[in-house]
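Input: a single structure, listed below in structure tokens.
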Amino acid sequence: MTSRLPIISIGFHQNSGNRRGRLLRPEPGEGARGFLAESPGSLGMLSSGRTHPQRIIDTGSYCAGFGMRMWLLCVLLLSLLSPVSSAADSKAITTTLTTKWVDTPLLLEASEFLAEESQDRFWDFVEANQNIEGEHDGTDQAYYELIVKKAGALLSSVQLNMLKFALSLRAYSATVYSFQQIASTEHPPDCSAFISVHGEKSCDPESLARLLKTAPERPKPYLFKGDHRYPGSNPDMPVVVLYAELGKPGFQKFHQVLTSKVNEGLAAYVLRHYVAKPNKNKVYLSGYGVELAIKSQEYKAKDDTQVQGAEVNATVIGENDPVDEVQGFLFGKLKTLYPELKEQLKELRKHLVESTNEMAPLKVWQMQDLSFQTAVRILAAPAVDALNVMKDLSQNFPTKARSITKTVVNSEIRKEIEENQKFFKGTLGLQPGDSALFINGLHIDLDTQDIFSVLDVLRSEARVMEGLRSLLIESPYIHDILKLNVQPSDSDYAVDIRNPAICWINNLETDHKYSSWPYNVQELLRPTFPGVIRQIRKNFHNLVIILDPTQENAAELLSVAEMFYANNIPLRIGLVFVVSDEEDIDGMQDAGVALVRAYNYITDEVDSHSAFEAVISVFNRVPIGGKLSVGDVVKVLEKRFPYVEVSSVLGADSSYDSNRKQGKAYYEQTGVGPLPVVMYNGIPYQREQLDPDELETTTMQKILETTSFYQRAVYLGELATDHDVVDFIMNQPNVVPRINSRVLSTSRTYLDLSNT
């Protein structure tokens, strides 16, 4: 951990219209070279560097355009950097983002990381770090190394790497600061640590016994989900909340007293982080990009293919960086091998950088193999430096392109890259030039995921892999086991929808309406914008509505189904009418039977879509709050088919009686609960999700969520274009013939053998 240089921020203010960090135009009467910095929400800043001294801008040229008073202020501020200006090796402007809250101790962030692993590890970490003053020399580096050492005693090597990753992202800084905000509502006294017993506060551990005696007279405090409760605390006893900073002497005194009270059964101990004297610095954010657009109000005609001036820096890597690569020379490596030639290498590097700055246009033939040559340049770097070289080349590609064209590509690498392109195009649908990220086969959508969600995925996968290793499973088999789609314990059960009782309105695979859509399942792996539903001519998503047509809410459900169909949502819709199953029932007397027979007649005479439209027309005649009647069915049927004898279609001797008995039998067999019932791929919706607005939102959300399941299946080769998608869905382990709440609602228990 290196301490950062002072931040210079001039003229920051909020601008809601433009969210990019940019530079303001100069004030009237001042030159075009004088700029004020502006950032959204006071986040973007001009920094003097992250880890090594670095000059921002030459004082004379930067301040020349300001008026006299502003010039004096500018010189005064920039003079603060004079002690470090001589050591500068780059004139690039670096931009940093900071939070609105103050810096939080890394020790507390590490404890929150362990708390997510388990509360036992959290309290073991607390016991080991009650007071760490005197265990390090006070520098940031020693403090960080001590934290890693202490945590290493409780974490595996993989988990320790995850901790380092989390600390570098400052992923738990907001969590720690949330405790600080809670403490501020308590109006903390002027001491480094204090306790709160049902609202009464004290800075003296000796007063705990007195506060516990009077605690029953006051109400218990509200405890949050993230509060840390000491193991063995009796919830019926008075609650003692400790506000203190882990690792400080004040914390140690209170902690020892509180643990003894808990062991005696006299108190419930809750710990909340509290820093009495917080650091004035802000937290530097990672995982965010900033654009710094500099614009002069003086417009000049220039040839922008030539970069002029000695102040332009061709590379973001400083000359002291070990991966300092310029035109194929690894100067970091050369300086290590030949330290006596340091000055000569510095001059050579300077010459190469200046020659690299020339952004001369390239010929067409020079750009044909540019991607292959870039790959060769990356592969030629040492394995430990390959990622840094790739980052440098990609971020500074225009200035590196000319030198890359001189790289020779051998036939073996060219053949391997071309074979990879063919393989990924055939299996993942990736075109040459496309990018995709997979972690253990899980597709990470780079448009919706960020570095923090990637951290969560890595931690989840690490837990699974470590559990398998603890069972003495060898590494080659772990990859095969990770391919298994283990059904989670809280999964929803589904019923089989391959039943003739379901009247399907549409079929995405055969209907002409969807003929223009792609048919290949590999389209699932093609990158799209976030939230876009892929229109593929496969029955990936199936919505089944089981209803009694005579119920009042039947019309609302059918209107939602009509909306899905009319808007070309990739959803196959099916209806199950639950009506009387008596033998000689007359449709002229029963509205539900009349609707079923009318639907069957129109399906036979025209098609299922026309029959569905007729059903919607019937329900449009029903007044709000009213019930379906035989007259509504008769009027629609007479209007659409004026030359048909209605009694022959709806009467007791009707030949259009198919699926009437099967519909009720299917409903009773599945045991899906009271009518109406809506199922997505056989999974019944909750009762509160049947509201029309909620039904629409929930269905669209399920379509988006299920897409990742299909993507994984296609990626692993479990689902191909020639497979029947509905059969694939119904062969999943959560599909059952009947949903029996008494049998299927029991929680699963597992025998953990990983620690034996």
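What you see is a predicted model, and the numbers here were worked out from it, not measured in a lab. Every heavy atom of this structure was used, including side-chain atoms; hydrogens, water molecules and symmetry mates were not.
Distance check: Asp137 CG to Tyr143 OH gives 13.5 Å after rounding to the nearest 0.5 Å. Residue Ile147 holds its CD1 atom at 5.0 Å from CG of Leu107, rounded to the nearest 0.5 Å. One finds the CG atom of Leu458 at 8.0 Å from the CD1 atom of Ile451 (value rounded to the nearest 0.5 Å). The CD atom of Gln252 sits 10.5 Å away from the CG atom of Leu246 when rounded to the nearest 0.5 Å. Note that CG of Asn129 and CG of Asp124 are 11.0 Å apart. Values are rounded to the nearest 0.5 Å. Taking CE of Met465 as the reference point, atom NE2 of His479 lies at 9.5 Å (rounded to 0.5 Å).
Taking every heavy atom of both residues into account, Leu160 and Val148 meet most closely at CD1-O, 3.7 Å. Between Ala209 and Lys261, the closest heavy-atom pair is CB-NZ, 4.4 Å. Listed here is the closest heavy atom pair of Ala166 and Phe113: CB-CD1, 4.0 Å. Scanning both residues, Arg712 and Asn440, for their nearest heavy atoms gives NH1-O, 4.2 Å. When all heavy atoms of Gly226 and Phe179 are compared, the closest pair comes out as O-CZ, 3.3 Å. Among all heavy-atom pairs drawn from Phe224 and Arg229, the shortest one is O-NH2, 3.6 Å.
A donor-acceptor pair under 3.5 Å is formed between the side chain of Ser708 and the backbone N or O of Glu705. Between the side chain of Arg687 and the backbone N or O of Pro674, at least one donor-acceptor pair lies under 3.5 Å. With hydrogens and angles disregarded, no donor-acceptor distance shorter than 3.5 Å links the side chain of Ser207 to the backbone of Cys203. A donor-acceptor contact shorter than 3.5 Å is absent between the side chain of Lys220 and the backbone of Val239. With Lys248 contributing its side chain and Ser192 its backbone, the two residues share no donor-acceptor pair below 3.5 Å. Remark: the backbone N or O of Gln181 is paired with a side-chain donor or acceptor of Ser184 at under 3.5 angstrom. In terms of modelled atom types and a separation under 3.5 Å, the side chain of Thr185 and the main chain of Ile182 share a donor-acceptor contact. The main-chain N or O of Glu109 is never found under 3.5 Å from a side-chain atom of Arg170 such that the two would form a donor-acceptor pair.
Considering only heavy atoms from C-beta on, Gln711 comes within 4.5 Å of Thr707 through its side chain. Between Gln119 and Pro231, every side-chain heavy-atom pair lies at or beyond the 4.5 Å cut-off. Side-chain contact between Ser173 and Thr99 is absent, with no heavy-atom pair separated by less than 4.5 Å. A heavy-atom distance below 4.5 Å is not found between the side chains of His198 and Pro219. Between Asn553 and Leu690, every side-chain heavy-atom pair lies at or beyond the 4.5 Å cut-off. Side chains of Tyr177 and Val283 form no contact here, defined as non-hydrogen atoms less than 4.5 Å apart. The shortest side-chain heavy-atom distance between Arg121 and Gln159 falls under the 4.5 Å cut-off.
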_Between Asp456 and Ser453, is the side chain to side chain donor-acceptor pair (under 3.5 Å) condition met? List the steps._
CA-CA 5 Å; Asp456 293 335; Ser453 59; over 6 Å; no
*asked:* Between Gln256 and Gln130, is the side chain to side chain contact (heavy atoms under 4.5 Å, CB included) condition met? List the steps.
replied: CA-CA 9 Å; Gln256 293 175 354; Gln130 296 182 39; 3.6 Å; yes
*Would Leu155 and Leu114 satisfy side chain to side chain contact (heavy atoms under 4.5 Å, CB included), going step by step from the backbone distance to the final call?*
CA-CA 9 Å; Leu155 300 173; Leu114 283 126; 3.8 Å; yes
*For Thr104 and Tyr172, what are the C-alpha separation, side-chain angles and deciding distance, and is it a side chain to side chain contact (heavy atoms under 4.5 Å, CB included)?*
CA-CA 9 Å; Thr104 53; Tyr172 294 93; over 6 Å; no
_Leu212 and Val240: CA distance, side-chain angles, deciding distance, side chain to side chain contact (heavy atoms under 4.5 Å, CB included) verdict_ = CA-CA 8 Å; Leu212 289 175; Val240 182; 3.7 Å; yes
*Go through the steps for Tyr685 and Thr699 under the test side chain to side chain donor-acceptor pair (under 3.5 Å), then give the verdict.*
CA-CA 9 Å; Tyr685 284 44; Thr699 303; 2.9 Å; yes
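Shown here is Leu223, whose CG atom has more than 12 heavy atoms of other residues, nucleotides or ligands within 6.0 Å. For Lys201, the NZ atom sits in a packed shell: over 12 heavy atoms of surrounding residues, nucleotides or ligands are nearer than 6.0 Å.
The aromatic rings of His228 and Phe122 lie parallel to each other, their planes meeting at an angle below 30°, with 60° marking the opposite boundary.
With 3.5 Å as the limit, one finds no donor-acceptor pair spanning the side chains of Glu200 and Thr214. In this model, no donor atom of one side chain and acceptor atom of the other lie less than 3.5 Å apart for Ser260 and Asn263. Judged purely by distance below 3.5 Å, without hydrogens or angles, the side chains of Tyr680 and Thr706 pair a donor atom with an acceptor atom.
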Show every donor-acceptor pair shorter than 3.5 Å between a side-chain atom in residues 266-275 and any protein atom, with sequence neighbours excluded, or say none if there are none.
unit_1	atom_1	unit_2	atom_2	d
Tyr269	OH	His255	ND1	3.0
Arg272	NE	Asp227	OD1	2.9
Arg272	NE	Asp227	OD2	3.4
Arg272	NH1	Tyr243	OH	2.7
Arg272	NH2	Tyr222	O	3.2
Arg272	NH2	Asp227	OD2	2.9
His273	NE2	Glu112	OE2	2.8

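With sequence neighbours excluded, the residues that form a salt bridge (Lys or Arg N to Asp or Glu O under 4.0 Å) with Glu116 are Arg459.
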